[in-house]
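Just so we're on the same page: letters track the sequence lines, and every chain starts at 1.
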2 protein chains.
Amino acid sequence: MVTIDRQEPNLGVLLFVAYRELEQRAHDAVIAAGVTDITMAQARVMARIGAHGTRVSDLAVQARVTKQSAAFLVEQLEKAGYVERVPDPLDGRARLVRLTSQSDEVVAVANAEVAQVLGEWTGQVGLGRLRQVHQTLLELCELID
Amino acid sequence: MVTIDRQEPNLGVLLFVAYRELEQRAHDAVIAAGVTDITMAQARVMARIGAHGTRVSDLAVQARVTKQSAAFLVEQLEKAGYVERVPDPLDGRARLVRLTSQSDEVVAVANAEVAQVLGEWTGQVGLGRLRQVHQTLLELCELID
DNA sequence: TGATTTAGACAGATTATCTGTCTAATCTGA
DNA sequence: TCAGATTAGACAGATAATCTGTCTAAATCA
């Protein structure tokens, strides 16, 4: 019997709070920078688009939504000009979703705010322990995915 | 400049994956146990109800939604019999949301599945490192909340 | 090559979420 | 003490996000 938990707040809540803080702060920063037409759900999908493009079905898996939901969000982002869809040269059925240059500023602002938050977190627990968390979660995610 | 990140997958994504795995596995287990009328959003609120009851506005803050959204989810849970609302003896405006005995089985199943997942995670990274993550997140959440 | 799987599009329904407004109770400060 | 500000929650309405189900075309597999 593993007894890491049982006392509140449990690990699930803690993971949620930390995850949500990072997401909300990044989103708030983007809004503050004048980009007001990207929702959190859209941003969640956007954040999972790889450098060379990602399929909608892969985005769906990574964002933990159905592919229909992911497709809906990608459609909004495309209409707003933040992403484009190009044919996948390796698979005639598929299309790769890619960030457009219009997203560059958004990504930069979001990354800067994430760095800011991580700085605050480092001030609280130290860089070593934050890196331990990162490394451990990395190994856990390998198990999960 | 903090450089814990910059390489994918970043900490935000890792936190999301771990959080979501725990939440989804717990929810799946509850469904598998025959309780099919609790949604993930409802469960998210339910999981934040304290032993002696919690106000809707506090649930809203903890679940990171508006109090209207929290009230809506509590209303569904109340209709389904999983929670009840009682007057708060300390504040005439407020009502405390409490779990009913009908929730006992749900909580037990969810807790058992969480323990199962944590066991799997322990197998992957060891108990010590999992506890480190828990402790560090605890301190980060103090900063955040 | 025929059967199965996969990627995505399309349609429709439901759920979750928000903003805005209102009342009553509590708290605060002069 | 009391008037103003704040807080808890209810009510209404709108929008966003999400799901299930179905379909076609392309790829994979046996």
Side-chain angles (χ1 to χ4, degrees), chain A residues 16 20 23-24 27-28 30-31 35-50 52-80 82-98, chain B residues 16 20 23-24 27-28 30-31 35-50 52-80 82-98:
Chain A
F16 171 77
R20 196 58 190 273
E23 182 174 76
Q24 187 74 59
H27 190 243
D28 288 351
V30 168
I31 301 278
V35 178
T36 58
D37 59 347
I38 299 178
T39 67
M40 289 250 296
Q42 287 164 12
R44 198 142 53 227
V45 164
M46 208 171 160
R48 284 153 179 80
I49 298 173
H52 309 296
T54 307
R55 296 177 188 183
V56 166
S57 32
D58 290 333
L59 292 175
V61 169
Q62 287 170 38
R64 264 67 176 175
V65 294
T66 61
K67 61 182 179 178
Q68 290 91 331
S69 295
F72 170 79
L73 296 167
V74 165
E75 193 184 320
Q76 314 299 318
L77 287 167
E78 188 177 35
K79 281 178 184 163
Y82 295 103
V83 309
E84 61 186 355
R85 285 183 291 183
V86 300
D88 184 344
L90 300 176
D91 188 334
R93 297 166 300 179
R95 306 173 73 181
L96 292 174
V97 180
R98 290 195 309 207
Chain B
F16 171 78
R20 196 58 189 273
E23 181 173 76
Q24 188 73 59
H27 190 244
D28 289 351
V30 168
I31 301 276
V35 179
T36 57
D37 59 348
I38 299 178
T39 66
M40 289 249 298
Q42 288 164 11
R44 198 141 54 226
V45 164
M46 207 171 159
R48 284 155 179 78
I49 298 173
H52 309 296
T54 307
R55 296 176 187 184
V56 166
S57 32
D58 289 335
L59 292 176
V61 169
Q62 287 170 39
R64 264 67 176 176
V65 295
T66 61
K67 61 182 179 178
Q68 291 91 332
S69 295
F72 169 78
L73 296 167
V74 165
E75 193 185 318
Q76 315 299 317
L77 287 168
E78 188 178 36
K79 281 179 184 162
Y82 295 104
V83 308
E84 61 185 357
R85 285 183 292 183
V86 300
D88 183 344
L90 300 177
D91 189 335
R93 297 166 299 180
R95 305 173 74 181
L96 292 175
V97 180
R98 290 196 309 209

Within residues 64-74 of chain A or reaching into it, pairs that qualify as salt bridge (Lys or Arg N to Asp or Glu O under 4.0 Å) - sequence neighbours excluded: Arg64(A)-Asp145(A)

Within residues 88-98 of chain B, the residues having a heavy atom closer than 4.0 Å to DNA chain C are Asp91(B), Gly92(B), Arg93(B)

When you measure from every atom of DNA chain C, which of residues 35-48 of chain A have a heavy atom less than 4.0 Å away? none

Who pairs with [X] by side chain to side chain contact (heavy atoms under 4.5 Å, CB included), at least two apart in sequence or on another chain?
X	result
Ser57(B)	Arg55(B)
Arg85(A)	Val74(A), Glu78(A), Arg95(A), Val97(A)
Gln76(B)	Gln42(B), Phe72(B)

With rounding to the nearest 0.5 Å, note down the distance linking [atom1] in [X] to [atom2] in [Y].
X	Y	atom1	atom2	answer
His27(A)	Thr39(A)	NE2	OG1	6.0 Å
Ile38(B)	Arg44(B)	CD1	CZ	13.5 Å
Ile49(B)	Asp58(B)	CD1	CG	11.5 Å
Leu73(A)	Met40(A)	CG	CE	12.5 Å
His52(B)	Leu96(B)	NE2	CG	11.0 Å

If you take all heavy atoms of [X] and [Y], which pair is closest and at what distance?
X	Y	answer
Arg48(B)	Leu59(B)	O-CD2, 3.4 Å
Val65(A)	Ala70(A)	CG2-N, 3.9 Å
Val45(A)	Ala63(A)	CG2-CB, 4.4 Å

Could you tell me from which nucleotide to which nucleotide of DNA chain C, 5' to 3', there is an atom under 4.0 Å from chain A heavy atoms? dT6(C) to dC10(C)

Going by the rule salt bridge (charged side-chain N to carboxylate O under 4.0 Å, His left out), which residues pair with Glu84(A) if we only count those two or more places apart in sequence or in a different chain? Arg98(A)

For Arg20(B), what residues pass the salt bridge (charged side-chain N to carboxylate O under 4.0 Å, His left out) criterion, not counting sequence neighbours? Glu23(B)

The helix from dT1(C)-dA30(D) to dA30(C)-dT1(D): angle between end helix axes, five pairs per end, rounded to 10 degrees: 50°

Just the rounded figure in Å: distance from C1' of dA16(D) to CD of Gln76(A). 9 Å

Results of ring-ring contact (aromatic ring centres under 6.0 Å, His included) for Phe16(B) - residues two or more places apart only: Tyr19(A)

Do any of residues 57-71 of chain A sit with a heavy atom less than 4.0 Å from DNA chain D, and if so which? Val65(A), Thr66(A), Gln68(A), Ser69(A)

